[in-house]
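Notes for the one structure printed next.
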Amino acid sequence: MDKAYDHKSTEDKIYQSWEDAKLMNANNTSQKKQFTIPLPPPNVTGQLHLGHAAMLAIEDTMIRYKKMTGHEVLWVPGTDHAAIATENVVLKHLGMQNREEMSREKFLEECKKFAQEKHDRIVHQIKKMGSWLDWSREAYTFDDERNYAVNTIFKMLYEDGLIVRGHRMINWSVGAQSVLSDDEVEYREVEGGLYHYKYFFTDSPKEYLEVATTRPETIFGDTAVALHPKDKRAKKFVGKKVLVPFSGREIPVIADEHVDLSFGTATLKVTPAHDPNDFEIGERHNLPKLQVIGFDGTMLPITEVPKEFHGKTREHCRVELTKPSQWFVKKVPHTHNIGFCYRSETVVEPMLSPQWFVSVEKEFTDKWTGEKTTLKKLTQDAVRKGDVKIIPERFEKTYFQWIDNLRDWCISRQIWWGHRIPVWYDEKGTIHIPEENIVFLARHGESEWNAKGIMQGSTKEVSLTEKGRAQALKLAHEAKHKKIKKIICSNLDRARETAEIIQKELGIKNLEIWPELHEIDFGHLEGKSIEKTFGRTHVTLMDKITKVKEGTSRESFDHLISRGKGVLEKLAKEKNVLVISHGAMLGVLFALHEEKSGEGFDEFCQGWSIGNAHLRTMRFLKFPEGKKLHQDPDTLDTWFSSALWPFSTLGWPDTESPDYQKFYPTDVLETGWDILFFWVARMIMFGRYATGKYPFHTVYLHGLVCDEKGQKMSKSKGNGIDPIDMIDEFGADAVRLSLVVGTSPENPIPIGKGKISGYRNFVNKLWNAGRFVKMQTSTLSTRVQKSKNPGCKSLADKWILSRLARVSGEIATYLQKYEISAAGDKIYHFVWDEFCDWYIEASKVEPNPEFLKYVFLEILKLVHPLCPFVTETLWKELGSEGFLIEQTVPKIDFEDKKAEKVFEEIQNIVTEIRRVRSEKKLNPKEKLSIQIAGKPDSPMIALIETLAGGKQGSVDTKKAVKIVVGGFEIFIDVPVDEGRIEKEKTALEAHIKGLDARLKNKAYIEKAPRSLVDQTKKELSDAKEKLKKLS
RNA sequence: GGGCGCUUAGCUCAGCUGGCUAGAGCAUCUCGUUUACACCGAGAGGGUCGCGGGUUCGAGUCCCUCAGCGCCCACCA
């Protein structure tokens, strides 16, 4: 063992060994009580930051602890496609101004590629943190299964009338070129201006109303000017008409309560198409809604907008409109809040547009209770009725405040990267939401002929190679959590064998053989080498078909197409099936399914090379017969799919799936409070709506990670820290501890190098304690394999065991309450201050190696959830079998109060002697002569002698320093220092005075609890006793 | 404008339902190359718990006022 712990040489290997042991995979048939955490899926836009690191450290600690207390734990990993964020980054990445520069298909390909790269990196980083995640269940908010869940809930909501399409005032992000929900708009204070304009009356051209606005460019969209009904001018002017500046259009003067008499000129221009409040006014007064700003942020080329502004930006417009003119009066400086897009950082423009909304206040019949309710109410009830508890509690108030103000949720987005709205329109514009089915497909594993590059076509008897069988197993692994109930394969041996391997691996009963799934009949080419026939190894389907035509063909292209169509028709009726077919045939099926033809057909048929052993999915939608339909071009808000995360990852909408049955509802949802509304509240809303159950019972919100000074981390301040750098420098255990210990969900999490290195030191301390234990036990004839208590011998043994028992109990209590920081703090001090500083030292006096090892192994179990790597390493170093996480957290039934008390006295005596030594600046090597009065037993003396560096002997008590601890008086053979005694006496006297005063207070004796009074009395007599002895 | 927090040692923070001669880590100072560990050991100094009031036998802990700081929500053109 090295003198210092080297995390670099251990961490990656250990994580690999956990993965290899497949221990992280949860068992959905287990009888154990389950404990589930859905991992908040990191966005595939970036890399791991400290917020993620905190989340991972906290959740991993919870998961490991639960695992070690006998739960069947499941921590579901995944990533988020982060619609707008990703689309933005990809646009920038490609150097594009807007997405229309590329075809939708091509652009989505780019996004996919980008997302895949980022995904791989972030998964790697998550593993670096030591996260005990079940990677076999890894999900993605934008994969087929999640898409199926999204479409399913969309249909449910639509049919309940809770998803509606409406022409309403929305937030338009010019930067993202999309609508945003109210929550995605960030308001920032901006120093702008209040611009005053003259609106001349039509009937008296010299008279005008002075109107103030912060957005002059919306003037062209004005359809009224409003005064307050109580405004003195109202009587005179309401009903008259004024002219819109610059354009000369006539608009009415109206009276509306909304006008604030104390603001600006108390005269409001009303632009119903570009302001939410004006929209309301417009509704009340039946005003036209005139859109003048386009979705690209430029002025529309319409008659109401003067020609010179057509196609000009808002900014340009504003400059022009504030130049001197007969209408412009002045600009008054004015700070106000402007909405910004939370992703593209551009100004949000209120606009009128037809969009999809989730109605939160509309009544519907809850299918789980049969009662009338609203989504808003269900979301409120979660916390109000206590089904969902939020830690820290104060966020419950924030939660209610948000819900109280909640308005309909705009869910459609005009971006491309996201779940397409599952709505189709026919020629008449009627809405159709089809039923859908997903079928899984895969190619057979490598066959003997594949290995040799021989064309097999419909040749039946060709078996799989070793590699082919391995591929089949890989497919089975992928298919494990896909709820497959039946496998369908072709009648050719290689497909059948593949199917059988998967069938056996997954224990699926049903296997069907569909001969029509067979590979294309290549006639005379079968059995021939591809390379020799074509002169190259890469050939396309059409290459082969063309070649076949030259000789005798037993299957025509037309026949192939009609066979393919037949298969698709049959497949459309299947559910939960896995199809094993052949490369060319699958290509044809996919091409037909996607309605590809001509050149695109052949291109589309690629991608089924034998090395590519992956499941693919095919979706079947059921439309009404004979309708020509087109799908809504919009996509869904990214949070729509996130809202399903706790159950879409567990098999929903298949509520019969074993994962859903075993692990839903989940237990804890842990995340940063900044996404309480975006995400947590919506999961609660949709979870309760879709499953009848709230998706988790506890919400644990951690604070924002900031630097050691409590400052927000930001690029501009340059105080940002990359967790991966920190892991490299200090190790994952140290990073984890610094994010978990000394923090609370109430407050921001401060972190910095200083703190991390502090915990690195702790990890090293633990390592060295382990080194000591190993040295002590390596010579033992019988190696202590199991962590079994071999019995206490010495006083110190009893003391540490009693302490360990107590401390493990306390830690259990903390962890059950999710007070991880307190648990970490406790274990830190127990390990360092008690085990290392005292027990190890004491054990050098009276060694009991087996027992030392036992205690240490128990400590490792206790520390493991917080510090998985170093503890696992030590566990192995000490020759233990298996993995620490398979052990149970210590539950020790032992208490020896007497030993604790005596040992504490020894600690006090030793400390006192050391203090004297330090005060006298004595060399630590020098043995002091001490004399202890008060009947110490010999083990006690031995401990004191060793720990304090003294020797029991006869001392001239008159000249020696005297210290009093408990019932003992200790004389140390060094010159007396009167000042020291005096100081101590003064402090003691003050204490006595305080206690005395308290006890003399009648009210105290009467009102304070009896036990407290007794305690005070004892304290007083002890103090008096000590004072007496000191004198 | 509405709401929620925070203010305890030089720094970052613990102190739960009131019982504290007020704790920790880091930093500071002194001593130390004792065979687990200098990523260490031993010891020390340092706070009238933001201000003012109240409740109480007793307040860092509960209530009120004020001040400073932070955050969330709303959004008056």
Side-chain angles (χ1 to χ4, degrees), chain A residues 1 3-5 187 194 211-215 218 226 258-260 262-271 275-278 334 336-339 392 394-395 397-398 400-402 404-405 673-674 676-677 704 706-710 712 730 734 741-744 746-748 750-752 754-755 757-776 817 819 821-822 825 828-829 836-837 840-841 844 910-911 914-919 921-925 948-949 987-988 990-992 994-995 998 1001-1009 1012-1013 1015-1016 1019 1023:
Chain A
M1 281 176 86
K3 227 174 154 181
Y5 172 61
Y187 289 91
L194 202 51
V211 175
T213 178
T214 52
R215 296 195 301 158
T218 63
H258 177 260
V259 180
D260 182 350
S262 62
F263 187 87
T265 57
T267 316
L268 178 67
K269 68 192 238 1
V270 185
T271 322
D275 183 280
N277 290 305
D278 291 7
H334 175 63
H336 58 136
N337 286 325
I338 292 184
R394 70 185 162 89
F395 276 107
K397 278 185 190 167
T398 317
F400 288 128
Q401 200 193 341
W402 179 75
D404 292 342
N405 289 318
W673 55 256
D674 49 328
L676 176 63
F677 307 140
L704 220 69
C706 61
D707 74 8
E708 279 173 308
K709 297 248 184 285
K712 229 179 185 174
F730 300 107
V741 187
T743 69
S744 75
E746 306 273 345
N747 294 313
I751 190 170
K755 195 174 172 190
S757 73
Y759 286 108
R760 187 266 323 267
N761 296 352
F762 171 74
V763 167
N764 190 244
K765 187 79 184 173
L766 197 63
W767 171 258
N768 274 293
R771 218 155 74 89
F772 177 77
V773 173
K774 193 175 178 185
M775 287 167 103
Q776 296 302 302
K817 289 191 285 183
E819 289 177 26
S821 177
D825 195 64
Y828 178 99
H829 285 108
C836 293
D837 287 352
I840 285 188
E841 295 310 316
K844 290 173 184 171
V910 169
T911 306
R914 283 170 176 171
R915 183 185 296 155
V916 169
R917 184 194 282 284
S918 177
E919 274 166 9
K921 299 206 192 315
L922 296 175
N923 189 315
K925 273 186 172 166
L988 205 53
H991 187 206
I992 288 169
L995 292 172
R998 219 194 285 180
N1001 186 334
K1002 262 189 192 164
Y1004 177 71
I1005 304 286
E1006 279 163 22
K1007 290 182 183 172
L1012 189 75
V1013 176
Q1015 195 192 312
T1016 314
E1019 247 178 78

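From a predicted model like this one, the values you see are computed outputs, not experimental measurements. Basis for what follows: all heavy atoms, side chains included, without hydrogens, waters or symmetry-related copies. Lettering of chains follows the sequences in order, A, B, ..., and the numbering in each one begins at 1.
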Using every non-hydrogen atom in the two residues, find where [X] and [Y] come nearest and quote the distance to one decimal.
X: A:Ala4; Y: A:Asn764; answer: CA-ND2, 3.4 Å
X: A:Phe730; Y: A:Ser757; answer: CE2-CB, 3.5 Å
X: A:Ile992; Y: A:Ala1023; answer: CG1-CB, 3.6 Å

Is [X] near enough to [N] that one of its side-chain N or O atoms lies under 4.0 angstrom from OP1 or OP2?
X: A:Lys765; N: B:rG41; value: yes
X: A:His334; N: B:rA77; value: yes
X: A:Arg917; N: B:rC31; value: no
X: A:Lys397; N: B:rC73; value: no
X: A:Arg394; N: B:rC4; value: no
X: A:Asn747; N: B:rA14; value: yes
X: A:Thr398; N: B:rG3; value: no

Applying a 4.0 Å non-hydrogen cut-off, can you work out what [X] is touching in the nucleic acid: base, sugar-phosphate, or nothing?
X: A:Lys817; answer: nothing
X: A:Val270; answer: nothing
X: A:Pro1009; answer: base
X: A:Ala266; answer: base
X: A:Arg915; answer: sugar-phosphate
X: A:Leu704; answer: nothing
X: A:Ser262; answer: nothing
X: A:Tyr5; answer: nothing
X: A:Asn405; answer: sugar-phosphate
X: A:Gln401; answer: base

In whole angstrom, give me the gap between the [atom1] atoms of [N] and [M].
N: B:rA42; M: B:rU56; atom1: C1'; answer: 44 Å
N: B:rG1; M: B:rU8; atom1: P; answer: 27 Å
N: B:rC26; M: B:rU35; atom1: P; answer: 23 Å
N: B:rC29; M: B:rG52; atom1: C1'; answer: 38 Å
N: B:rG50; M: B:rC63; atom1: P; answer: 15 Å
N: B:rC64; M: B:rC69; atom1: P; answer: 22 Å
N: B:rC13; M: B:rC6; atom1: P; answer: 13 Å
N: B:rG41; M: B:rA36; atom1: C1'; answer: 12 Å

With the side chain of [X] defined as its heavy atoms from C-beta on, choose the nearest nucleotide among [options].
X: A:Pro750; options: B:rG19, B:rC13, B:rU30; answer: B:rC13
X: A:Glu841; options: B:rC37, B:rC75, B:rU21; answer: B:rC37
X: A:Ala4; options: B:rC39, B:rC73, B:rA77; answer: B:rC39
X: A:His336; options: B:rC37, B:rA77, B:rA74; answer: B:rA77
X: A:Asp837; options: B:rG41, B:rU21, B:rC73; answer: B:rG41
X: A:Asn337; options: B:rA77, B:rG43, B:rC75; answer: B:rC75
X: A:Phe677; options: B:rA77, B:rC73, B:rG19; answer: B:rC73
X: A:Arg914; options: B:rA42, B:rU21, B:rG5; answer: B:rA42
X: A:Ala1008; options: B:rC37, B:rG19, B:rA77; answer: B:rG19
X: A:Ser744; options: B:rA77, B:rG19, B:rA14; answer: B:rA14

Verify, without hydrogens or angle tests, whether [X] (side chain) and [Y] (backbone) share a donor-acceptor contact under 3.5 angstrom.
X: A:Ser262; Y: A:Asp260; value: no
X: A:Glu1019; Y: A:Leu995; value: no
X: A:Arg998; Y: A:Ile1005; value: no

Any strand counts, and the cut-off is 3.5 Å on both contacts for Watson-Crick or G-U wobble. Which nucleotide pairs with [N]?
N: B:rG43; answer: B:rC29
N: B:rC69; answer: B:rG5
N: B:rU17; answer: none
N: B:rA22; answer: none
N: B:rU55; answer: none
N: B:rU48; answer: none

Counting C-beta onward and ignoring hydrogens, is there a side-chain heavy-atom pair between [X] and [Y] closer than 4.5 Å?
X: A:Trp673; Y: A:Thr398; value: no
X: A:Phe263; Y: A:Leu268; value: no
X: A:Lys844; Y: A:Ile840; value: yes
X: A:Val741; Y: A:Tyr828; value: no

How long is the line joining [atom1] of [X] and [atom2] of [N], in whole Å?
X: A:Met1; N: B:rC37; atom1: CE; atom2: C1'; value: 11 Å
X: A:Lys3; N: B:rG41; atom1: NZ; atom2: C1'; value: 14 Å
X: A:Asp275; N: B:rA77; atom1: CG; atom2: C1'; value: 7 Å
X: A:Leu676; N: B:rC71; atom1: CG; atom2: P; value: 18 Å
X: A:His991; N: B:rU21; atom1: NE2; atom2: P; value: 6 Å
X: A:Lys921; N: B:rA44; atom1: NZ; atom2: C1'; value: 9 Å
X: A:Phe762; N: B:rG25; atom1: CZ; atom2: C1'; value: 13 Å
X: A:Asp825; N: B:rC26; atom1: CG; atom2: P; value: 12 Å

Of A:Thr267 and A:Arg760, the one whose closest RNA chain B nucleotide lies more 5' = A:Arg760
Residue mapping more 5' on RNA chain B - nearest nucleotide basis, A:Cys836 or A:Val259 =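 Looking at the nearest nucleotide for each, A:Cys836 comes out on the 5' side.
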